[in-house]
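Report on one structure; see the data block that follows.
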Protein chains: 2
Amino acid sequence: MSLKYAVLAALLEGEASGYELSKVFDVSLANFWAATPQQLYRELERLAGEGLIQARVVRQERRPDKRMFTLTAAGRHDLDTFAATPPRRPTAIRDELLIKIQAMDGADPEDTRALVEEREAWARGKLARYLRVRERLLAGRGEEEYLREADRVGPYLTLLAGIALEEENLRWCARVREVLDRRAARGERPRPPAQDGTR
Amino acid sequence: MSLKYAVLAALLEGEASGYELSKVFDVSLANFWAATPQQLYRELERLAGEGLIQARVVRQERRPDKRMFTLTAAGRHDLDTFAATPPRRPTAIRDELLIKIQAMDGADPEDTRALVEEREAWARGKLARYLRVRERLLAGRGEEEYLREADRVGPYLTLLAGIALEEENLRWCARVREVLDRRAARGERPRPPAQDGTR
DNA sequence: CGCACCTACTCAACTAGTTGAATAAGGCGG
DNA sequence: CCGCCTTATTCAACTAGTTGAGTAGGTGCG
């Protein structure tokens with residue numbers, strides 16, 4: 001049900017093809033609503049059927065044809081109504097890593113550490129991408145200036161949420177590594193190392 | 001697939017009924033893996049079939065009977081293996097509010113503000129619950145002491161992630177309200193208020 | 001020159017998640 | 001004492017999300 005509005009909201013940025021949307025849902029939108037390409041193509045079909053978006057086929061020379069989609073007035077109106085009403089379901093997070101951390105005390109700490117480092121690298125990458133998107137949005141203006149004057153601030157505010165999330169993620173990963181280190185130091189020498197030269 | 005391990009991980013805390021798990025999944029686990037009671041009952045059935053958990057019926061006097069579930073050795077082993085292998089799918093977040101914020105520029109700012117305040121109240125409630133759970137876990141010990149000495153630190157680390165998430169959420173909500181205020185102040189007087197006393 | 005990757009989709013089959021209601025007994029408030 | 005809440009679960013029907021393969025031409029790399 002909400003994928004529908006995620007798609008409509010994505011089309012606020014302008015005309016896009018299914019393929020382009022699948023890229024957008026991979027970078028910025030994935031931040032708060034994940035969707036696979038299949039889901040998007042299906043949803044676009046549905047929305048076009050409902051008259052909330054309009055399709056036009058663009059013939060291309062050395063590429064397959066593509067269908068570009070635009071919001072209709074009906075679609076924009078539906079989206080505006082959606083934007084003004086309270087969410088009917090709470091935020092859902094599905095994070096496998098946290099299940100693994102919850103159960104980590106039965107696993108090899110070295111394995112756990114590797115998982116955390118992987119997540120850390122991933123978060124760093126995402127954060128870097130978000131920061132680049134932000135620079136592009138600001139286009140040299142200061143944040144306060146932008147927030148006062150820009151036509152649309154929604155996308156910037158969701159971007160801030162994404163940035164904060166990934167920064168928090170990195171801090172948390174660092175903390176977990178610290179704990180892992182400290183416990184490794186404790187556990188790896190059941191007897192303290194010899195101080196008297198006998199070995 | 002991962003609900004399976006979320007359930008097994010929840011059973012690390014000890015024997016529980018489906019009903020009890022549905023409560024747990026509402027408070028702490030919901031933080032990183034949401035599940036409805038229906039999903040849990042179905043999953044418990046499946047896991048019992050696979051021999052990863054064991055059921056025992058507890059007859060009760062003034063309540064319906066319940067089935068209490070415990071991890072089997074096979075279940076614990078399966079979970080340990082899971083905990084040591086990298087996640088196969090990335091974290092997915094589904095947050096309707098962020099779609100609404102993304103599209104907020106077409107809606108009444110007063111409506112948007114109400115949504116943000118609702119989220120803020122919810123985050124405050126969740127944070128308070130997390131902090132109480134944390135006090136119970138620490139049981140008077142300091143954090144460092146706990147992290148060095150406790151048998152299991154996984155649940156504490158996921159709790160920290162939840163706490164950080166909700167704190168971040170609150171900061172973000174405050175920021176959004178600020179922006180809303182500033183733009184309302186700008187937009188609500190297309191002409192500046194009279195300074196000359198004529199009114 | 002062959003292989004992998006990119007654009008741009010579609011189809012089919014499957015698995016996971018959601019919703020609503022039903023059952024059944026006791027407790028609690030007005 | 002009526003109706004709603006809580007405990008504790010099951011059933012059935014539905015919607016949403018995932019996976020894998022297929023099509024088809026083009027680009028880039030060694």
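Every heavy atom of this structure was used, including side-chain atoms; hydrogens, water molecules and symmetry mates were not. What you see is a predicted model, and the numbers here were worked out from it, not measured in a lab. Just so we're on the same page: letters track the sequence lines, and every chain starts at 1.
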Whole-Å gap separating P (C/dT18) and OH (B/Tyr41): 16 Å
Are B/Glu168 and B/Glu166 packed together at the side-chain level, in the sense that at least one heavy-atom pair is separated by less than 4.5 angstrom? no
Check the distance between C/dC11's C1' and A/Leu44's CG and give it to me in whole angstrom. 17 Å
Regarding B/Ser2 and B/Arg89, is there a side-chain donor-to-acceptor distance under 3.5 Å anywhere? no
D/dT10 phosphate, OP1 or OP2, under 4.0 Å from B/Arg42 side-chain N/O: no
B/Glu45 CD to D/dA12 P, straight-line distance once rounded to whole Å: 14 Å
Hey, is the side chain of A/Arg88 poking within less than 4.0 Å of OP1 or OP2 on C/dT18, counting only N and O atoms? no
Map A/Thr36 and B/Pro37 onto DNA chain D by nearest heavy atom, then report which one ends up closer to the 5' terminus. B/Pro37
Separation of D/dT9 atom C1' from B/Leu21 atom CG, nearest Å, is 13 Å
Is A/Arg94 close enough to D/dA16 that one of its side-chain N or O atoms is under 4.0 Å from OP1 or OP2 there? no
The single option from A/Leu157, A/Thr158, A/Val153 passing side chain to side chain contact (heavy atoms under 4.5 Å, CB included) against B/Val176: A/Leu157
Measure distances between side-chain N and O atoms of B/Gln39 and base N and O atoms of C/dT18, and say whether any donor-acceptor pair falls under 3.5 Å. no
Distance-only polar pair, side chains of B/Tyr5 and A/Gln102, donor-acceptor under 3.5 Å: no
Once you round it to whole Å, what is the distance between P of D/dA16 and CH2 of A/Trp33? 11 Å
Upstream residue (5' side of DNA chain D) when B/Met68 and B/Arg89 are each assigned their closest nucleotide: B/Met68
Take atom CD of B/Gln38 and atom P of D/dA8, then tell me their distance rounded to the nearest Å. 16 Å
OP1, OP2 of D/dT7 versus side-chain N and O of B/Ser17: anything below 4.0 Å? no
Could you tell me if A/Arg56 and A/Thr70 have a donor-acceptor pair between their side chains, going purely by distance under 3.5 Å? no
Roughly, in whole Å, what's the span from OH in A/Tyr19 to P in D/dA24? 18 Å
d(NZ, A/Lys23; P, C/dC6) in whole Å: 7 Å
